[in-house]
Amino acid sequence: MRLDHLSFAAGPDGLASTAQRIGGLLGREFVDGGIHPRFGTRNMTLALAGDTYLEIVEVLDHPASDKAPFGQAVRARSALGGGWLGWVVAVDDIAPVEERLGRAAAVGSRHRPDGTELRWRQIGVNGLISDPQLPFFVQWESPAELHPSAGADGALSLATLEIAGDPQRVSEWLGHTVEAPLEDVKVEWVAPHGTPGILAVQVQTPDGLVRL
């Protein structure tokens, strides 16, 4: 179990402009990740050190976005002006999570602009919708060399997650202590005065820390 990526919902200016704005702050360009046909969304990604990455995602005018929990989550966050959607934990075997949550994982896929297909299974987005401090889970079915973090130059790395929430609640959700997937990332837990979830992310860059 490890931290896989962080998802940021595009704001009213759209996916490309949001990616350009955040990429400008970090001194790197996001790349086109392609469309998620089953979820009615599309994304742009930025590889980070430690087999992690940032994802900026927007909802499409597509029937799947009304049916798939992930599409619903992105639409709702973007409707509020965009911002951090959630964090995602990768597992080697998603079956125990399916058993614990009592439902089957959804199949996810997307084609990169070069035609390469990425495939994975994910579960737990409904948990994120009801309680945004909770991560959802993915099991990658594509080889490691196709993971969106592949090719990272090591210059950018996640330094700190600022989460409004309760680490005990998150540990119960994970079925492990919350430190398990976050051993290399500092987490600052803040008692939520409003909606729980990711408040901010600090990224280490060659020019210092950048808080997003």
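Basis for what follows: all heavy atoms, side chains included, without hydrogens, waters or symmetry-related copies.
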Asp207 side chain to Thr205 side chain, donor-acceptor N/O pair below 3.5 angstrom: no

Joint cluster assignment, Leu46 & Val185, ILVMFWY side-chain distance < 4.5 Å: yes

Parallel, tilted or perpendicular: ring planes of His5 versus Tyr53, cut at 30 and 60 degrees: parallel

salt_bridge(Asp66, Arg75) N-O dist < 4.0 Å: yes

Working for side-chain contact (heavy atoms from CB on, under 4.5 Å), residues Ile129 and Asn126: CA-CA 5 Å; Ile129 291 173; Asn126 283 322; 4.1 Å; yes

Within residues 77-106 or reaching into it, pairs that qualify as side-chain hydrogen bond (donor to acceptor under 3.5 Å, both in side chains) - sequence neighbours excluded: Glu98-Arg121

Ring geometry between Phe70 and Phe136 (parallel below 30°, tilted from 30 to 60°, perpendicular above 60°): perpendicular

Check: Asp166 main-chain N/O paired with Gln133 side-chain donor or acceptor under 3.5 Å: yes

Side-chain donor-acceptor contact under 3.5 Å, Trp173 with Asp131: no

Pairing residues for Asp13 by the salt bridge (charged side-chain N to carboxylate O under 4.0 Å, His left out) criterion, not counting sequence neighbours: none

Pro135 versus Leu174, closest heavy-atom pair with distance: CG-CD2, 3.8 Å

Cluster link Leu48 to Leu6, ILVMFWY, side chain under 4.5 Å: yes

Arg42 (side chain) donor-acceptor with Leu60 (main chain) under 3.5 angstrom: no

Under 3.5 Å side-chain donor-acceptor pair for Ser157 and Gln204: no

